[in-house]
Protein chains: 2
Amino acid sequence: MAAIVATAWELSRAQGVGALTLHALAREVGMRQPSLYVYFESKNALYDAMFADGNRQLLERLTKLDLPDDPRAALKAFMGTFVSFGIEDQDRYTLLFQRPIPGFEPSAASYEHARAVLDHAIALLHTAGLESQDDVDCFIAMVAGLIDAQIANDPAGDRWIRHLDRLTDLYLDEAKRRTRRR
Amino acid sequence: MAAIVATAWELSRAQGVGALTLHALAREVGMRQPSLYVYFESKNALYDAMFADGNRQLLERLTKLDLPDDPRAALKAFMGTFVSFGIEDQDRYTLLFQRPIPGFEPSAASYEHARAVLDHAIALLHTAGLESQDDVDCFIAMVAGLIDAQIANDPAGDRWIRHLDRLTDLYLDEAKRRTRRR
DNA sequence: GTCTATACATCGATAGAC
DNA sequence: GTCTATCGATGTATAGAC
C-alpha cells in the first residue's frame, strides 16, 4: 500500500500527476490494474492517499527542523525548507498546492497535515512581525509566486527562489516600519 | 473560425480548459465534430488558436490604455489592467500563463503577442526603477503569486489582488533605496 | 464544407473464477 | 488478494459520400 503510493509518486514525477493511469501504476508494481481496487476504491482515493502522504512528508521535514530562536531566522529556515521541498518534486508540489486533477478534492482527513503545516507557518509569521491576515496573505502569495515561477521557467535552477531571504526581509522590514509609525 | 474560438472560450469558462472536447464544441457551434477538422488540423491546433487569441485580447486591452506620465502610476495602471484581465476569466489566464494541457506547447507564431506583452511590462518596470533582471523577476513573480492565490482561493473577490498597488510601492521603494545607497 | 460512419485508443470500473 | 475478461464511456482522428 505504501509501496503503491511511492510508485505512484515515481510515475507522477516521470510524466506528470495528470498523466498517471491505473494501468501504468499496476504494471509498475507488478500487478494487474483491477487488483489496485483492493487498496483503493477509486482513482481519486489513490490521489487522496498521495495527497495525505505528500503532506505527511512535508510536515515531517518541517517539524524535524531545529529552528533558531531569532524569529526572522526561524521564518527563513522554515520557508527555505518549504521552498526546497516544493522545488525538489514539482509534481508533488502541484498535487499538494494546486488543483491539477479535475474532480479531485482532498478528503477532510487528508487535509489535517496540510492544515498543520499552514498553522505552523502562520505562527512563525506572527512572531516574526506579520500579524494581520493581509500581511500573511501577501507573504504566502509571494513565496508561492517564487516557487511557481521557478518550477515553470527554470525547474533545475534557482533564478527565483534565491531571492527568498531578501524578499522575506523586505516584507518584515516594511511591517516593522508600519508598526513603529503607530 | 473566430466564432469557433470564441465558443471554445465559452465552454472553457463553463467547465475548464482541460475539459474542453471537440464533440461539445462542435455541438455548441451547430456542427458535427469531424467538421472542426476543416478549421483545425488537430485539437492542439485549436488550443494554439485560443492561445494566440487570448494574448491578442490582452495586448489589445493593454495598448488601448492611456498611461499616465508618472512611471509609477503608469506601472500600476498597466499591472492593474493585467490583473483584472487575469481575474475576469480564470481559464483564459490558465491557458495563457500556465501549462494546463499536457502535450500542448504554443507555436512560435502564437507566442509573438505574449512576447510583446512581456516586453511592454519590462519597459515600464525599467522606467519605474526596476532595472535589473532580478528585480523584474521578483516583481512579476509577486504579481503572479497574487493572481494565482486569488483565483485558487477567492475567485470572485479581491482578498489578494487588492494589495497590488501597496506591494508595487514596496518593491519600487526598496529598489529606490538601494539605488540611492550607491 | 458538412455530413455519416467508424476506426482506434485509453481508461476507470465491475463481475466472477481461482 | 490476484487474476482474466469485459463493460461502458469518452475522445481524437480518418474515410468517403454528398
Side-chain angles (χ1 to χ4, degrees), chain A residues 1-54 91-92 94-95 98-107 109-110, chain B residues 1-54 91-92 94-95 98-107 109-110:
Chain A
M1 162 98 185
I4 297 177
V5 171
T7 307
W9 281 126
E10 279 178 37
L11 287 180
S12 297
R13 255 189 302 277
Q15 25 170 323
V17 212
L20 180 66
T21 72
L22 296 181
H23 284 93
L25 176 57
R27 190 185 328 119
E28 205 67 17
V29 297
M31 300 193 336
R32 303 293 179 151
Q33 175 252 351
S35 304
L36 291 176
Y37 283 80
V38 174
Y39 304 93
F40 308 98
E41 68 174 3
S42 72
K43 194 185 184 185
N44 275 355
L46 167 67
Y47 281 130
D48 199 54
M50 293 172 72
F51 181 87
D53 179 60
D91 294 283
R92 185 180 57 188
T94 302
L95 184 63
Q98 299 171 359
R99 286 294 123 82
I101 312 293
F104 164 61
E105 288 291 325
S107 66
S110 298
Chain B
M1 160 97 186
I4 297 177
V5 172
T7 307
W9 280 125
E10 278 178 38
L11 287 181
S12 297
R13 255 188 302 276
Q15 25 170 323
V17 212
L20 180 66
T21 71
L22 296 181
H23 285 279
L25 176 57
R27 189 186 327 120
E28 205 68 17
V29 297
M31 301 196 332
R32 304 294 178 147
Q33 173 253 353
S35 303
L36 292 175
Y37 282 81
V38 174
Y39 304 93
F40 308 98
E41 68 174 2
S42 72
K43 194 184 184 183
N44 275 355
L46 167 66
Y47 281 131
D48 199 54
M50 294 172 71
F51 180 87
D53 178 62
D91 295 283
R92 184 180 57 188
T94 301
L95 184 63
Q98 297 171 0
R99 285 296 126 80
I101 312 293
F104 164 62
E105 288 291 324
S107 66
S110 298

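Chain A is the first sequence line, chain B the second, and so forth, proteins listed ahead of strands; every chain is numbered from 1. Every value quoted in this text rests on a predicted model; they were computed, and no experiment measured them.
A heavy atom closer than 4.0 Å to some atom of DNA chain C occurs in no member of residues 6-15 of chain A.
A/Ile4 places its CD1 atom 11 Å from the P atom of D/dG1, with the value rounded to the nearest Å. For the pair B/Phe40 CZ and C/dT2 P, the interatomic distance rounds to 12 Å; values are reported in whole Å. The distance between atom CZ of A/Arg32 and atom C1' of C/dA17, rounded to the nearest whole Å, is 16 Å. The distance from atom CD of A/Glu41 to atom C1' of C/dG12 is 13 Å, rounded to the nearest whole Å. C/dC11 atom P lies 11 Å from atom OH of A/Tyr47, rounded to whole Å. Rounded to an integer number of Å, the gap from A/Met31 CE to D/dC3 P is 6 Å. What separates CG of B/Leu36 from P of D/dT14 is a distance of 13 Å, to the nearest Å.
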Enumerate, atom names and distances included, each donor-acceptor pair closer than 3.5 Å involving a side-chain atom of residues 10-21 of chain A, sequence neighbours excluded.
residue	atom	partner	partner atom	Å
A/Ser12	OG	A/Ala8	O	2.9
A/Arg13	NH1	A/Asp89	OD2	2.6
A/Thr21	OG1	A/Ala24	N	3.1

Using atom types as modelled, flag every donor-acceptor pair under 3.5 Å from a side chain in residues 33-40 of chain A to any protein atom, sequence neighbours excluded.
residue	atom	partner	partner atom	Å
A/Ser35	OG	A/Arg32	O	3.4

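Using a 4.0 Å heavy-atom criterion, one finds that B/Tyr39 contacts the sugar-phosphate atoms exclusively.
Across A/Leu95 and A/Phe51, no two heavy atoms sit closer than the pair O-CD1, 3.7 Å.
Taking A/Glu28 as the reference, nothing meets the salt bridge (charged side-chain N to carboxylate O under 4.0 Å, His left out) condition, with sequence neighbours excluded. Remark: B/Arg27 engages no residue in a salt bridge (charged side-chain N to carboxylate O under 4.0 Å, His left out) (not counting sequence neighbours). Applying the side chain to side chain donor-acceptor pair (under 3.5 Å) criterion to A/Asp91, with sequence neighbours excluded, gives no partner residue. Legend: residues meeting side chain to side chain donor-acceptor pair (under 3.5 Å) with B/Gln98, ordered by chain and number and at least two apart, are B/Asp148.
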Can you give one letter per nucleotide of nucleotides 6-12 of chain D, 5' to 3': B if a protein heavy atom sits under 4.0 Å from the base, S if only from the sugar-phosphate, - if neither?
-----SB
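Side-chain contact between A/Pro106 and A/Arg99 is present, with at least one heavy-atom pair separated by less than 4.5 Å.
Sorted by first and then second residue, the salt bridge (charged side-chain N to carboxylate O under 4.0 Å, His left out) pairs involving residues 44-54 of chain B (not counting sequence neighbours) are B/Asp53-B/Arg56.
An OP1 or OP2 oxygen of D/dG1 is reached within less than 4.0 angstrom by no side-chain nitrogen or oxygen of A/Ser35.
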